[in-house]
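Indexing begins at 1, ligand by ligand and atom by atom, following the structure's order. Residue indices begin at 1 and follow the sequence shown.
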Amino acid sequence: MKRRMVLGGAGFALASPMIMTRAAVAQQTNADTSMSIDHAMPPETHRFNVGKFEVLVVKDGARPSGKPQETFGTNQSPEVVGALLEANFLPADAFVNSFAPVLVNTGSDVILFDTGMGEAGRANGLGRLAEGLTAAGYTREDVTIVVLTHMHGDHIGGLMEGGKPAFPNARYVTGQAEYDFWVDPARAGTPAENGQKGVLANVKPLAEKMTFIGDGGEVVSGITGMAAFGHSPGHMIYRLESDGRQLVLTADTANHFVLSLQRPDWEVRFDMDKAAAAATRKKVFDMIATDKLAFLGYHMPFPAVGYAEKIEEGYRFVPKAYQFDI
Ligand SMILES: [Zn+2]
């Protein structure tokens, strides 16, 4: 770590004193994780076309954690979970969760799907969506529609900035069932109480500019919502279609590219209704594998786009290559 800091420090001094300061802050607040150096790197973005739609994926950040079995496969033993990770060339005792909001430029609208961690994540090197948009030539003012797949903190955190809407020219689209669940006063005193606070602070103030949809609801022509309940009560995924090309934004239907896809039945700590989430996972990825559809999963390894091949009891993640370029 020390050696890295010396090497990094020298490099950043040449590049920019401001960036060096941020790196130093990162070292202090997030010591001893190899990812902390991310602060000083330019934000990662990735651009490709789906028919006439331009798709821009932005890495809002990445968070390393230990004890994978306490999140993915909570009804399995740590040994079984570790063995599957090692069989896939991954460490048995740690994992990285990354966050991939998506901007879709249809030519008439600039549509952002989910907003990352926002200000709350910045101290830990997260919340880099706006920085990534800037790097790719967009501003927050360019966004005309913000779509929320569901209302967990890593998806709604970036809606507000300094107490004001972060995307001042946008209207919003989200699932009716999801919104109704989170704003219901009945959440008080339940495990959802904390999440509700985030929704009341970040989502509810924007409700006047919100369109609520259900299964089959359209965002704009060529972008259709599909109910994928389970991870959260009103979790929605979105199918993009332009010029005969398709991409499914699967949001949090599967949250680890090995553990959730290869073993869709394993219980996941983040899934609010574990049985419904597993059933939805199998239904959605069965469709994706059978129809050979490309998908983009919010927590898949960046740039988070690929295909699912049916294997044994689940699916193998196949990252995209040049399929969209030709
Ligand atoms: Zn998420």
**Report entry** Test: R269 cationic atom under 6.0 Å from F72 six-membered ring centre, within 45° of axis
**Finding:** no
Query raised in the report: So, is the end of the K320 side chain (NZ or CZ) under 6.0 Å from the ring centre of F48 and within 45° of the ring's axis?
Result: yes
Query - Backbone or side-chain N/O/S of D154 under 2.8 Å of the Zn ion (ligand 1) - result: yes
**Report entry** Sub-6.0 Å ring centroid separation between Y307 and F295
**Finding:** no
Query raised in the report: From H299, does some N, O or S atom reach closer than 2.8 Å to the Zn ion (ligand 1)?
Result: yes
**Report entry** Distance-only side-chain donor-acceptor flag, D154 / Y298, under 3.5 Å
**Finding:** no
Report task. Check D252 and report its N/O/S atom nearest to the Zn ion (ligand 1), by atom name. Result -> OD2
Report task. State whether H155 contributes an N/O/S atom found under 2.8 Å from the Zn ion (ligand 1). Result -> yes
